[in-house]
Amino acid sequence: MQRQALAWRREGRSVGFVPTMGYLHEGHLSLIRRARREVGPGGLVVVSIYVNPTQFGPTEDLDRYPRDVRRDLRLCREEGVDVVFLPSDASMYPGRDRGDYSTWVVEEQLTRSMEGSSRPTHFRGVTTVVAKLFHLVLPDVAVFGAKDYQQAAVIRRMVRDLNFPIRIVVAPTVREPDGLALSSRNAYLSPAERGQATVLWRAIQEARRRVRAAGANGVAAGTLRRMVERLVAGCPDARLDYVEFFEPESLRPLKRVARGAHMALAVWVGRTRLIDNGRLR
Ligand code: AMP
């Protein structure tokens, strides 16, 4: 991959990159189309499919994460993707099975809250694998989804702090007609759980309504939190992991929430952990 990328660079071709864990859905495809737009007609689009083991905790769903590489390759072909990069664990983490992989990339500020506090080793895995993929693919532009809002903020920070010569584009969340954000993990949901999974979107919508109605003074974060807790409590198979209201750039938590703030939440629906977020416009 890196040899190919260096050759493209020598030819002066522009490369757009979409990192994924596969089991592609319309959300991923929207990022691929965005990457194509960003690099233009003479550019190249690279998609990586890699279920990165180091971003899963020991009790998480690494072993059952959904996979269908044949289907993913067909979708990529239909989208006109130029290269699909499918690295192996052995090539990405040489020596890790013997305990002698030892270099990590760690962001220390934006990773403290939300996904970072619920999943303590998650972002170390994300920043490390994305840094490695950037070194292998050498893209001009990389496209991430707003669905993983904190992840996009962390990647932007890593790129800034470590001087990666890469432009980061964040594309909007693609949703089902009832508001559920598309996710490979939605495949885990039973029909009953799928019905309850709209609670994340309903919570965002209700927070939006309340913040709009409140005007310039905003609403106390505690009031919004209790509203979300009540919505989630109304779903028999759902359990709130966290909900946060924060400043969209710094991710600093807010005590009072007015228009322009951002919210993010994680909810267990049965054995499936779902996340979502939205700007309170
Ligand atoms: P994943 O395969 O889940 O690691 O996601 C790969 C990329 O797709 C990440 O940048 C995600 O934020 C993005 N993504 C996942 N779901 C969606 C969605 N529903 N809409 C837009 N982007 C998404």
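No experiment lies behind these values; they were computed from the predicted model shown. In what follows, every heavy atom counts, from backbone to side chain, and hydrogens, waters and symmetry copies are set aside. Just so you know, ligand 1 is whichever comes first in the structure, and atom 1 is the first atom listed for that ligand.
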S.K.: Before accepting this row, confirm whether a basic side-chain N of the pair Glu229/Arg239 lies closer than 4.0 Å to the acidic partner's carboxylate O.
M.R.: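 Judged by the 4.0 Å cut-off on N to carboxylate O distance, Glu229 and Arg239 do not form a salt bridge.
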S.K.: Is it the side chain (CB and beyond), the backbone, both or neither of Val18 that lies under 4.0 Å from ligand 1, heavy atoms counted?
M.R.: neither
S.K.: Please could you name the atoms of ligand 1 that Asp148 approaches to less than 4.0 Å, counting only its heavy atoms?
M.R.: 11 (C), 12 (O)
S.K.: Check whether Tyr93 forms a cation-pi arrangement with Lys132 (NZ or CZ under 6.0 Å from the six-membered ring centre, at most 45° off the ring normal).
M.R.: yes
S.K.: If we check side chain to side chain contact (heavy atoms under 4.5 Å, CB included) with Phe85, which of these qualifies: Ile49, Leu136, Val47?
M.R.: Leu136
S.K.: Specify side chain, backbone, both or neither for Glu26, according to which of its non-hydrogen atoms lie closer than 4.0 Å to ligand 1.
M.R.: neither
S.K.: Could you work out, for atom 5 (O) of ligand 1, the closest of His28, Arg175, Gln151 by heavy-atom distance?
M.R.: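 Answer by nearest heavy atom: His28.
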S.K.: Taking only Lys NZ, Arg NE, NH1 and NH2, and the carboxylate oxygens of Asp or Glu, determine whether Glu206 and Arg202 approach each other closer than 4.0 Å.
M.R.: no
S.K.: If you have a sec, work out which protein heavy atom is nearest atom 20 (N) of ligand 1 and how many Å separate them, to one decimal?
M.R.: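 Nearest neighbour among protein heavy atoms for atom 20 (N) of ligand 1, to 0.1 Å: Val174 N, 2.8 Å.
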S.K.: Which heavy atom in Gly43 sits nearest to a heavy atom in Asp82, and how many Å separate them?
M.R.: O-OD2, 4.1 Å
S.K.: For Ala258 versus Gly215, what's the shortest heavy-atom pair and its separation?
M.R.: CB-O, 4.4 Å
S.K.: Taking only heavy atoms of Phe144 into account, list the atoms of ligand 1 that are under 4.0 Å away from them.
M.R.: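 Answer, ordered by atom number: 10 (O).
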S.K.: List the closest protein heavy-atom neighbour of atom 8 (O) of ligand 1: residue, atom name, distance to the nearest 0.1 Å.
M.R.: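 Residue, atom and distance for the closest contact: Leu31 CD1, 3.3 Å.
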S.K.: Report yes if some N/O of Lys147 lies less than 3.5 Å from some N/O of ligand 1; otherwise report no.
M.R.: no
S.K.: Within the structure, does Pro19 bring an N/O atom to less than 3.5 angstrom of an N/O atom in ligand 1?
M.R.: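 No; the residue has no nitrogen or oxygen that sits under 3.5 Å from a nitrogen or oxygen of the ligand.
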S.K.: Flag Ala146 as yes when one of its N or O atoms lies below 3.5 Å from any N or O atom of ligand 1, and as no otherwise.
M.R.: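 In this structure, Ala146 places no N or O atom under 3.5 Å from an N or O of ligand 1.
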S.K.: With heavy-atom distances below 4.0 Å as the criterion, list the atoms of ligand 1 near Thr20.
M.R.: 2 (O), 6 (C)
S.K.: Checking Lys147 against Asp276 for the salt bridge (Lys or Arg N to Asp or Glu O under 4.0 Å) test, could you report, in this order, the C-alpha distance in whole Å, the side-chain angles of both residues, the deciding distance, and whether it holds?
M.R.: CA-CA 6 Å; Lys147 158 81 181 355; Asp276 204 347; over 6 Å; no
S.K.: Distance to 0.1 Å, residue and atom name: give those for the protein heavy atom nearest to atom 4 (O) of ligand 1.
M.R.: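 Looking only at protein heavy atoms, the one closest to atom 4 (O) of ligand 1 is Met21 CG, 3.5 Å.
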S.K.: Students should be able to answer this: which protein heavy-atom is nearest to atom 10 (O) of ligand 1, and at what distance?
M.R.: Gly145 N, 2.9 Å
S.K.: Quick test of your reading of the model: are Arg185 and Asp61 salt-bridged, counting only N-O distances below 4.0 Å?
M.R.: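 Result for this pair is yes, salt bridge flagged.
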S.K.: Parallel, tilted or perpendicular for Tyr149 and Phe246, by the 30°/60° rule?
M.R.: tilted
S.K.: Pick, from Ser183, Ser184, Pro172, Ala181, the option with the minimum heavy-atom distance to atom 21 (C) of ligand 1.
M.R.: Pro172
S.K.: Does Leu182, backbone or side chain, put an N or O under 3.5 Å from an N or O of ligand 1?
M.R.: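 Between Leu182 and ligand 1 (N or O atoms, distance only) the closest approach is under 3.5 Å.
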S.K.: I'd like to know if Glu38 pairs up with Arg167 as an ion pair, taking the criterion as any Lys NZ or Arg NE/NH1/NH2 lying under 4.0 Å from an Asp or Glu carboxylate oxygen.
M.R.: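 Salt bridge flag = yes for Arg167 with Glu38.
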S.K.: Short list, please: which atoms of ligand 1 are under 4.0 Å from a heavy atom of His25?
M.R.: 15 (C), 16 (N), 17 (C)
